Amino acid sequence: MPETRTSEIGGKTVNIEDSSSAAEGNQPQRYNPAEIEPKWQAVWDADASLYAADAHDSGKPKYYCLEMLPYPSGALHIGHVRNYAIGDALARHMWMRGYNVLHPMGWDAFGLPAENAALKNGVPPREWTLSNIAAMRKQMQRLGYGYDWAAEVTTCLPDYYRWNQWFFLKMFEKGLAYRKKSKVNWCPECCTVLANEQVIGGRCWRHEDTVVELRDLTQWFLRITKYADELLDGLDKLEGWPEKVRTMQRNWIGRSEGALIDFAVDQGVGSREEGVEGKITVFTTRVDTIFGATSVQLAPEHAVSKAFALEDDKLRMEIEQLLAEQQKARETDALGAIEKHGVNTGRFAVNPFNGERVPIWVANYILGDYGTGAIMSVPAHDERDFEFAQKYGLPVRRVIAPADWTKHEEEHSAQAGAEDVVGKLPYLAEDEALLVDSGEWTGLGCVEAQEKMAAFAKAKGFGTPTVTYRLKDWGVSRQRYWGTPIPMVYCDRCSPEEPLPVAESELPILLPEQIDITQTNGSPLGRVAEFVNAKCPKCGGVARRETDTMDTFVDSSWYFYRYTDAKNSKAPFDSDKANYWFPIDQYIGGVEHAILHLIYSRFWTKVMRDLGLVKNDEPAERLFTQGMVIKDGAKMSKSKGNVVSPDDMIGRYGADATRMYALFAAPPDRDLEWQEEGVAGISRFLGKVYRLTTKYSGAARKAGGGSRVGEGSAKEQALLRRLHQTIAKITQDFDGRWHFNTSISSIMILVNEITANEAAMDAGEISPAAVAEVFRGLILLLAPFAPFFAAEMWEELGGEGVVFRTAWPEVNEELARDEEMEIPVQVNGKLVSVVKVPAGSDEAAVKAAALADPKVMARIEGKTVVKVIVVPGKLVNLVVK
RNA sequence: GCGGAGGUGGCGAAAUUGGCAGACGCACUAGCUUGAGGUGCUAGCGCCGCAAGGCAUAGGGGUUCAAGUCCCCUCCUCCGCACCA
């Protein structure tokens, strides 16, 4: 008897005539990714509109899905495959959910490897880079990632880097870009300076075996510290960012509240060192302990140390020794373990709070570039000061004590003497602790004393409350060729002191193409006369161009804004466009950029906001950091020989299986152990779906599907129920935890259930309409994870339009609901049986069913049931004696 | 040392709220099928035990009718920070 049904899933409503068997006339076929993937790739590559974002007035909600852009090394590694598989699944899912999705890709294309390749093989960096980009773009297309290539950004091309220069000029104008001489990190491998963020444990972020040296150089800096507080406070609002990243940024910014206190130098400092006044300013977070200060400690580089050194050759040599020790420790990242050394200068400083004269020492553990490079040493209440004082026999004077301390002291003096009290030092005060032996401040609580004493110092003119940061300004000069030229010139004639910005109309300052990269000393640009020789923007005379280039992290600090308007030649981007798309809804990348790229780009966004270019304070609403891909328990590396090649995997199992495995093998935020057998397993799974779909596609073509509740055979109901439960589960995963490993496993469960029902489908026990619905649903659920496969199967099923622009299946709640429940029954907390009850059974019914179960009866026979716990829908526990 | 994430079968892992530990996959075993090459299907697969049953989520204690999940202690791995005054 023919009946009419309507399709709810996968496209238009169609009326269809039922036929008796789902498998009618179809022969199952074999899955061959090598055939279907190139087929669809060709179709997709030919249609630029496929993954293009819609117009802003499309009426759809916007969704900006972004993955971190790669460095074009020449080939994607498996970590990229994973990163981009996560982003692509999300983008496709959001398309299917009806969003206007921006999903772009680009290239972080400046950087050292291009120069090294030029040195090694004689290929010009530009050529090397562009051919790598072409190869990697091809790989991405082969993997089936859906990017809007019209928005592609390549940072090494003048149409992009000219805006780096433009931003630099804007920052120079606003005093955010400046030049200064300072101690900077020099990587001997890169032959260039690095920013602090790019030094990891004393080593270069690119060369983990290369120890970074400290050099005194004049460099360009960006004033990121101006935004230190905002960068810090903003972290509290970034609830969509992993706590780990926020913590790392907080630590990196390292805000510390304290006070600056001036200690007058007894008998003056001496006049031979310029800029040295007759005082030493110390930074302390514990001004409340100042009555316990028994010395002042200076960094070896402190101006006063130097001044003293000038007057005393022996002292000078000792200080130089201390400095050398500190530098060596810094370079090998052993600063934390440095053996404390110091030298008594024989001079004295005056504690402004009590007028006491304390000796001035120079010590190797005092850093010249943190705080003021000088501290007051309070051995009784600081572990480091205590250690130093013990070593050199400096007095230890307790000035902070617990509220009940007097009593303790009496006990100690009576029993063991003062020695024992000292043995308990240093005492690190809690908030309730009080000041003792501190003149008029005695008896105050620590916290209160800190405030009052700093205010007092300010009122009396010998100090002030202050805040210091660990964060330093961002050093952006690089002594390399393959980067953005810094748009500044030096004119000896009209501006011998200050560099001059080039006119905005002169941009871009082009990187010369014909260049001989055969040497590695100094910036290669310095040897290119036609580049160096410039006209002075002020006097028109002959001037020298800046030959350093910008840190490549400048490029990646704002590239995602350019995606919104990649072809703009009048501005970095159009503000309206950026304001439509920003903030990024979801940013996905590796955690290794937690305090590099991710702090720079937050800074850049704030600068752009202050320039009036954008409205958002933060670049990305949500951040997701995926785990590493490891092999044989270790990070992949050439030296370990455990590198997995994506091309290999694609060649053997296809792009769909490779990507899908990357999502299946572990939750996306965890590290993933790559096992090739697992990829084979996914390939087998897709093969199974292929066989089933081709076998039953005839039914789908004819039938429109139609979910019926309470109709059809029990098997049909069960199968449809499973489909809708799977839809619910995967929808939930996308909205929540992104545990795509369990999403995919739930699809496998669905497929296993289809397999188990093959005979029923063949026999017509499950109607073709239901079969059609199940297969359409199945393929739509697979679409975000295996796009080539889904496209092919969608076509096979006679689906309308493009599969990943088809509406994401809706859950039919009624259909998804279980009719029966299996309720485990425990006796004294141990599982004894499982009883089946109708869904929604009340407590009494469940209890009755449990007590009627033969296994349960056997177990409780002759015993007293003391208590029955029934958790509706979950379990029954009988407590017996 | 401080902060964070982890520790569950032979392996990758599930268990979102305290409620059947090990879903799903890999590997392995057996049978059937296929057999021109990474095939398909069925069954088994935490450990001990013939079985009944017992024991199992790094280890130890606790709370609870019930603990991988909550609390306390200890151990291990990974990541970040680390004389920052």
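Chain naming here is simple, since letters A, B, ... match the order of the sequence lines and numbering starts at 1 in each. Atoms considered below: every heavy atom in the structure, side chains included; atoms not considered: hydrogens, waters and symmetry mates. Keep in mind that this is a model prediction, so the values were computed, not measured.
- Nearest nucleotide to the side chain of Arg384(A), out of C24(B), G38(B), A85(B): A85(B).
- Distances from the side chain of Asn752(A) to the nucleotides G25(B), G38(B), C20(B) place G25(B) closest.
- When both pairing distances are held under 3.5 Å, C81(B) makes a Watson-Crick or G-U pair with G1(B).
- Ile744(A) comes within contact range of no nucleotide atom at all, as no heavy-atom separation falls under 4.0 Å.
- Heavy atoms of Glu243(A) sit nowhere under 4.0 angstrom from any nucleic acid atom.
- Put simply, the side chain of Val876(A) does not reach to within 4.5 Å of the side chain of Lys847(A), judged on heavy atoms.
- Nucleotides G7(B) and G68(B) place their P atoms 14 Å apart, quoted to the nearest Å.
- Side-chain contact between Met748(A) and Phe685(A): present, with at least one pair of heavy atoms (C-beta onward) separated by less than 4.5 Å.
- Across all strands shown, nothing is found opposite U63(B) as a Watson-Crick or G-U wobble partner with both distances under 3.5 Å.
- Checking A15(B) for Watson-Crick or G-U wobble geometry (two distances, each under 3.5 Å) identifies no partner in any strand.
- In this structure, Lys688(A) and Thr755(A) have side chains that are in contact, with non-hydrogen atoms separated by less than 4.5 Å.
- The nucleotide whose nearest atom lies closest to any side-chain atom of Lys688(A) is, among A13(B), C41(B), U39(B), C41(B).
- Regarding contacts with the backbone of A15(B), a side-chain N or O of Arg737(A) is found under 4.0 angstrom from either OP1 or OP2.
- Using a 4.5 Å cut-off on side-chain heavy atoms (C-beta onward), Pro352(A) and Phe263(A) make contact.
- Within the nucleic acid shown, Val871(A) comes within 4.0 Å of at least one base atom, counting heavy atoms only.
- Closest to the side chain of Gln826(A), out of A85(B), C84(B), G19(B), is G19(B).
- Comparing G37(B) with C55(B), their C1' atoms are spaced 47 Å from each other, to the whole Å.
- Using a 4.5 Å heavy-atom threshold, the side chains of Met649(A) and Trp674(A) count as touching.
- When the P atom is compared between G61(B) and A56(B), the two are found 11 Å apart, to the nearest whole Å.
- Counting non-hydrogen atoms under 4.0 angstrom, Asp369(A) reaches nothing in the nucleic acid.
- The side-chain tip of Arg622(A) does not point at the ring of Trp241(A) from less than 6.0 angstrom away and within 45° of straight on.
- Using P as the reference atom, U8(B) and A14(B) are 12 Å apart when rounded to the nearest Å.
- Rounded to whole Å, the separation between the C1' atoms of A21(B) and A13(B) comes to 13 Å.
- Using a 4.0 Å heavy-atom criterion, one finds that Asn741(A) contacts the sugar-phosphate atoms exclusively.
- Using a 4.0 Å heavy-atom distance criterion, Gln297(A) is classed as making no nucleic acid contact.
- The gap from the P atom of A30(B) to that of G12(B) amounts to 25 Å, rounded to the nearest Å.
- Residue Phe664(A) is in base contact, counting any heavy-atom pair closer than 4.0 Å across all strands shown.
- An anti base is found at G80(B): its glycosidic angle is more than 90° from 0.
- A sub-4.0 Å separation between OP1 or OP2 of C65(B) and a side-chain N or O of Asn828(A) is absent.
- Ile749(A) comes within contact range of the sugar-phosphate backbone alone, with a heavy-atom separation under 4.0 Å but no base atom that close.
- No side-chain donor from either of Arg670(A) and Gln626(A) sits under 3.5 Å from a side-chain acceptor of the other.
- For Met748(A), the side-chain atoms get nearest to C24(B) when compared with the rest of C24(B), A85(B), G38(B).
- Dashed line: the shortest gap from a side-chain N or O of Asn251(A) to OP1 or OP2 of C2(B) is not under 4.0 Å.
- An OP1 or OP2 oxygen of A85(B) is reached within less than 4.0 angstrom by a side-chain nitrogen or oxygen of Ser256(A).
- When the C1' atom is compared between U64(B) and A43(B), the two are found 40 Å apart, to the nearest whole Å.
- Contact check, Lys830(A) against C55(B): a side-chain N or O comes under 4.0 Å of OP1 or OP2.
- For the OP1/OP2 pair of C26(B) and a distance below 4.0 Å, the side-chain nitrogens and oxygens of Arg684(A) include at least one atom meeting the criterion.
- U33(B) and C41(B) have their C1' atoms separated by 7 Å, given to the nearest Å.
- Comparing atom distances between the Arg670(A) side chain and each of A14(B), C84(B), A27(B) picks out A14(B) as nearest.
- Using a 4.0 Å heavy-atom distance criterion, Ala665(A) is classed as a sugar-phosphate-only contact.
- In a base pair of the Watson-Crick type (N1 to N3 plus N6-O4 or O6-N4) or a G-U wobble (N1-O2 and O6-N3), with each distance short of 3.5 Å, C41(B) is matched with G31(B).
- The Ile869(A) side chain lies nearest to C65(B) when the options are A85(B), C65(B), G3(B).
- Summarising the base pairing, G6(B) is matched to C76(B) through a Watson-Crick or G-U wobble pair whose two defining distances lie under 3.5 Å.
- RNA chain B is contacted by both Ala756(A) and Gly254(A); Ala756(A) maps to the nucleotide lying nearer its 5′ end (nearest heavy atom per residue).
- Note on Asp671(A): only backbone sugar-phosphate atoms sit closer than 4.0 angstrom, heavy atoms only; bases stay farther off.
- Between Asp648(A) and Arg652(A), at least one side-chain nitrogen of the basic residue sits less than 4.0 Å from a carboxylate oxygen of the acidic one, meeting the salt-bridge criterion.
- Phe388(A) comes within 4.0 angstrom of no nucleic acid atom, judged by non-hydrogen atoms across all strands.
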